[in-house]
Novice: 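Next up is a structure, given as structure tokens.
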Amino acid sequence: MHVTLESLVQYATLVTVVTGFVSLVVFARIYGKQVNAQIVIELFARYANMHQSFPAQLRVAMFGSDRSLPEHREEFTAGALQYAMIVSFAYHLHERRYITNDIWAILEAEHQQTISRPWFAREWNTVQGQFAMFPSFVSYMERFLPNHVQVQV
């Protein structure tokens, strides 16, 4: 077999094309992970800012206090609406596959913990109408509510 300059150029071209394709695939995966990480960082910043803005009574009610449920206040309703909006944002990003399933599992565990709290269940009855145009999201939220509080939209 005789190697010519033309065959060397063809092999070099093939190697270059394959290397370029593999590089594009690797770049796309890395870019996707970076975008997912940026989304997660933004979501966690929103959760943190929201929790810091809650009144002290609500923070105590949120994090499993053994005290009785505080009286209803407009600040609690506003907090529930703010929380539901952030959850809605995350839910829709996950539905559109911007958030990976492993990250979603972490968020979903937090959602279940917060949504099942008595203060949120009480306030959800007031704010759920804001999400009526997203019945799948309302169903998602109501999965975590205590059974006696669920309301159909």
Side-chain angles (χ1 to χ4, degrees), residues 6-65 73-147 149-153:
E6 185 178 322
S7 63
L8 283 176
V9 169
Q10 287 177 345
Y11 287 126
T13 303
L14 178 63
V15 169
T16 303
V17 169
V18 169
T19 303
F21 179 74
V22 169
S23 297
L24 282 174
V25 170
V26 169
F27 173 76
R29 291 195 66 191
I30 291 170
Y31 180 75
K33 288 183 180 282
Q34 286 177 331
V35 168
N36 194 59
Q38 289 171 335
I39 290 170
V40 169
I41 289 168
E42 177 61 27
L43 277 174
F44 282 113
R46 288 183 183 198
Y47 280 113
N49 289 338
M50 176 197 57
H51 286 296
Q52 289 175 352
S53 71
F54 284 161
Q57 279 186 320
L58 184 55
R59 284 192 301 245
V60 169
M62 270 185 87
F63 297 111
S65 172
R73 292 172 41 192
E74 288 180 11
E75 296 159 324
F76 296 171
T77 304
L81 179 60
Q82 184 180 15
Y83 180 80
M85 289 173 70
I86 292 172
V87 172
S88 173
F89 178 65
Y91 175 84
H92 292 295
L93 286 175
H94 178 257
E95 288 292 303
R96 287 162 182 78
R97 301 179 194 246
Y98 286 102
I99 296 177
T100 60
N101 288 335
D102 55 341
I103 299 298
W104 181 247
I106 295 167
L107 292 172
E108 193 170 36
E110 191 282 327
H111 298 161
Q112 180 176 8
Q113 183 178 21
T114 300
I115 294 166
S116 67
R117 299 274 185 226
W119 79 270
F120 187 86
R122 178 183 69 194
E123 302 304 329
W124 176 249
N125 288 327
T126 305
V127 302
Q128 73 163 336
Q130 299 297 315
F131 303 96
M133 71 289 282
F134 304 114
S136 66
F137 172 69
V138 171
S139 295
Y140 170 76
M141 295 291 281
E142 290 184 346
R143 276 189 7 214
F144 302 122
L145 290 172
N147 290 330
V149 187
Q150 292 182 12
V151 177
Q152 297 297 323
V153 176

Novice: In Å, rounded to the nearest 0.5 Å, how long is the span from OH of Tyr91 to CZ of Arg96?
Specialist: 9.5 Å
Novice: Quick one: pull up OG1 in Thr100 and NZ in Lys33 and give me the separation to the nearest 0.5 Å.
Specialist: 7.5 Å
Novice: Counting C-beta onward and ignoring hydrogens, is there a side-chain heavy-atom pair between Phe134 and Met141 closer than 4.5 Å?
Specialist: no
Novice: Using side-chain heavy atoms (C-beta onward) and a distance below 4.5 Å, is Tyr31 in contact with Val35?
Specialist: yes
Novice: Could you tell me whether a side-chain N or O of Ser88 sits under 3.5 Å from a main-chain N or O of Ala84, the two making a donor and an acceptor?
Specialist: no
Novice: Please determine whether side chain to side chain contact (heavy atoms under 4.5 Å, CB included) holds for the pair Phe44 and Leu107, giving the CA-CA distance in whole Å, both sets of side-chain angles, and the decisive distance to 0.1 Å.
Specialist: CA-CA 9 Å; Phe44 282 113; Leu107 292 172; 4.0 Å; yes
Novice: Calculate, to the nearest 0.5 Å, the distance between atoms OG1 and CZ belonging to Thr114 and Phe120 respectively.
Specialist: 8.5 Å
Novice: Once you round to the nearest 0.5 Å, how far does CD of Gln128 lie from CD of Gln130?
Specialist: 10.5 Å
Novice: Given Trp124, which of Phe131, Trp119, Phe144, Tyr83 fulfils the side-chain contact (heavy atoms from CB on, under 4.5 Å) condition?
Specialist: Phe131
Novice: Any side-chain heavy atom of Ile115 sitting closer than 4.5 Å to one from Glu142?
Specialist: no
Novice: Regarding Tyr140 and His111, do their side chains bring together a donor and an acceptor under 3.5 Å, going by distance alone?
Specialist: yes
Novice: Would you compute the distance between atom CG of Leu93 and atom CG of Leu43 and round it to the nearest 0.5 angstrom?
Specialist: 6.5 Å
Novice: So, for Leu145 and Ala121, which heavy atoms are closest and what is the spacing to 0.1 Å?
Specialist: CD2-CA, 3.7 Å
Novice: Is the CZ atom of Arg73 crowded by more than 12 outside heavy atoms at less than 6.0 Å?
Specialist: yes
Novice: Supply the atom-to-atom distance Asn49 CG to Ile86 CD1, rounded to the nearest 0.5 angstrom.
Specialist: 8.0 Å
Novice: Is any side-chain heavy atom of Gln82 closer than 4.5 Å to one of Ser53?
Specialist: yes
Novice: When you measure from the centre of the six-membered ring of Phe76, is the NZ or CZ of Arg122 under 6.0 Å away and within 45° of the axis?
Specialist: no
Novice: State, with a plain yes or no, whether a side-chain heavy atom of Phe137 is found less than 4.5 Å away from one of Val87.
Specialist: yes
Novice: Compare every heavy atom of Thr16 with every heavy atom of Ala12, then report the nearest pair and how far apart it is.
Specialist: O-OG1, 2.7 Å
Novice: Cut-off 3.5 Å, side chains only: do Ser116 and Gln112 have a donor facing an acceptor?
Specialist: no
Novice: Quick check on Tyr98: does its OH atom have over 12 non-hydrogen neighbours (other residues, nucleotides or ligands) under 6.0 Å away?
Specialist: no
